[in-house]
Amino acid sequence: TAFKIKKLGKVFGMRTWGGAMGIEAHQDLVDGGTVTPPQYGLYSLDRKWLIEVRGVDPDVEIQNMPKDVLEGKDAQLETVVNYLLEEIKKDPKEIPPPPPYPNKARPRGSDISYY
């Protein structure tokens with residue numbers, strides 16, 4: 001949800017199930033278990049539920065089919081990788097080199113002693 005709200009990029013896949021209610025331990029049971037009822041959900045500053053009920057709609061809907069998954073194929077991942085490779089071709093950017101390595105030598109005359 002935050003990824004879409006901040007417009008950081010496209011969301012690929014299928015709509016999420018729409019349940020993000022937080023739970024917390026409420027009542028201990030005699031068998032040692034615990035009841036964890038829904039307690040709270042996420043809402044925005046404009047008082048709209050962010051995920052509850054509807055879920056998050058993808059920008060690009062792509063389904064992984066069970067048969068393909070069993071064969072080790074991932075249509076969602078392949079779609080995203082191909083999309084990113086095309087985006088890189090459209091606007092290639094150089095990766096900047098790493099900064100100079102810091103000098104971690106102990107300064108001369110330092111009063112730091114070794115054990």
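Checked by atom type and distance alone, the side chain of N64 pairs as donor or acceptor with a backbone atom of A75 at under 3.5 Å. A donor-acceptor pair is defined here as one N or O able to donate and one able to accept, closer than 3.5 Å; such a pair exists between the side chain of N82 and the backbone of E78. Side-chain atoms of T16 come within 3.5 Å of backbone atoms of V56 as a donor-acceptor pair (strictly under, hydrogens ignored).
Just one residue in the list L84, L77, T79 forms a side chain to side chain contact (heavy atoms under 4.5 Å, CB included) with V81, and that residue is L77. Screening K4, R15, K7 against D59 for a salt bridge (Lys or Arg N to Asp or Glu O under 4.0 Å) leaves a single residue, K4.
With a 4.5 Å cut-off on side-chain heavy atoms, V35 and L29 count as touching.
Under the 4.5 Å side-chain contact rule for hydrophobic residues, V80 and V60 share a cluster. No chain of hydrophobic side-chain contacts below 4.5 Å, direct or via other Ile, Leu, Val, Met, Phe, Trp or Tyr residues, connects Y83 to I88.
Residue-environment remark: CD (Q27) stays at or below the threshold of 12 foreign heavy atoms within 6.0 Å.
The two residues K10 and F3 have their closest heavy-atom pair at O-CE2, 3.6 Å. The two residues Q76 and G13 come nearest to each other via the heavy atoms NE2-CA, 3.5 Å. For the pair F12 and P58, the tightest heavy-atom approach, listed with the atom from each and the gap, is C-CB, 4.2 Å.
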For this session: Please step through side chain to side chain contact (heavy atoms under 4.5 Å, CB included) for the pair I95 and K93, ending with a clear verdict.
Result: CA-CA 6 Å; I95 298 174; K93 291 184 172 41; over 6 Å; no

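The existence of a salt bridge linking E71 and K67 is confirmed by a sub-4.0 Å separation between a basic side-chain nitrogen and an acidic carboxylate oxygen.
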